[in-house]
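Structure first, then comments.
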Amino acid sequence: MKQLAYISSKLLFYFFSILFLFIMVFSILSYFEYKFNIQIPFVEILENHQKINVPLLGLRINVPLNYSILLMWSAILYYAVYFYAFKEFLKVFIERKTFDTKSLKRLRFFLKLNLIPLVYIVTFTISTLLRGVNIRLVDDYFIVFAHLVIAFLIYLYLDILKKGKYIQEENDLTI
């Protein structure tokens, strides 16, 4: 079961990495087609809306012409890094030696990644309040809550690993 979780996290990492590269490359190409009127395969400009056409899969992806593409890139890149860290986190469970410094570093990195959405949502909420717009509880808040729960569980697990590492070091010093 641990191996299955590790393999699925690895697949999610590869999926988000490929998705990030695909969206980034084709959004840059669509920008060049829009700006310089260069005919680029798989990219169409319809009424100032960029669309990426993927003929093999039958997908038509809308690409915004403004700075929101940077937000899209950063979100997909964040989840590519997130699932890489998740893969490394799950690697702790399948390795022989659990209580080592490398495992603790992996867990701390994954813990910090789970706190980044909190910074995002606080910034988003403050900017919304400054603009005078009413706050609605939407999916963004649920995702942040899920990341906070994961961060709390990882913090508890990290504490257990620290204590286990201390006990293992004490045991190694005992003759």
Contact between Leu111 and Tyr155 at the side-chain level, heavy atoms closer than 4.5 Å - yes or no? yes
ILVMFWY network linking Ile126 to Ile121, side-chain heavy atoms under 4.5 angstrom: yes
Quick one: does Tyr78's side chain have a donor or acceptor within less than 3.5 Å of a partner on Leu113's backbone? yes
Atom of Ala5, atom of Ser8 and distance for their closest heavy-atom approach: O-OG, 2.8 Å
Under 6.0 Å between ring centres: does that hold for Phe16 and Tyr84? no
Interatomic distance, Ile143 atom CD1 to Leu148 atom CG [nearest 0.5 angstrom]: 12.0 Å
Is there a path from Ile18 to Trp73 through hydrophobic residues (I, L, V, M, F, W, Y) whose side chains come within less than 4.5 Å of each other? no
Once rounded to the nearest 0.5 Å, what's the spacing between atom CZ of Phe15 and atom CZ of Phe20? 14.0 Å
ILVMFWY cluster, Tyr14 and Ile7 together (side-chain gap under 4.5 Å): no
Side chains of Phe89 and Tyr157 in contact at under 4.5 Å (non-hydrogen atoms): yes
Would a 4.5 Å heavy-atom cut-off, applied to side chains only, mark Val81 and Phe13 as touching? no
Does the side chain of Lys2 come within less than 4.5 Å of Leu90's, by heavy atoms? no
Kindly compute the distance separating CG (Asn114) from CD1 (Ile154), expressed to the nearest 0.5 Å. 4.5 Å
Are Leu130 and Tyr120 connected into the same hydrophobic cluster when the rule is that any two of I, L, V, M, F, W, Y join if their side-chain heavy atoms are below 4.5 Å apart? yes
Please check if the number of heavy atoms outside Tyr6 that lie under 6.0 Å from its OH is greater than 12. yes
Output the distance between atom CD1 (Ile150) and atom CZ (Phe110), rounded to the nearest 0.5 Å. 6.0 Å
For the residue pair Leu104 and Lys165, establish whether any side-chain heavy-atom pair is separated by less than 4.5 Å. yes
Straight-line distance of Ile76 CD1 to Leu21 CG, nearest 0.5 Å: 10.5 Å
Interatomic distance, Leu107 atom CG to Glu88 atom CD [nearest 0.5 angstrom]: 10.5 Å
Could you note down all residue pairs passing salt bridge (Lys or Arg N to Asp or Glu O under 4.0 Å) where residues 148-160 supplies at least one of them, sequence neighbours left out? Asp159-Lys163
Side-chain contact test, heavy atoms from C-beta onward, threshold under 4.5 Å: evaluate it for Tyr82 versus His147 and give yes or no. yes
Parallel, tilted or perpendicular: ring planes of Phe83 versus Tyr79, cut at 30 and 60 degrees: tilted
Path from Leu70 to Ile28 over hydrophobic side-chain contacts below 4.5 Å: yes
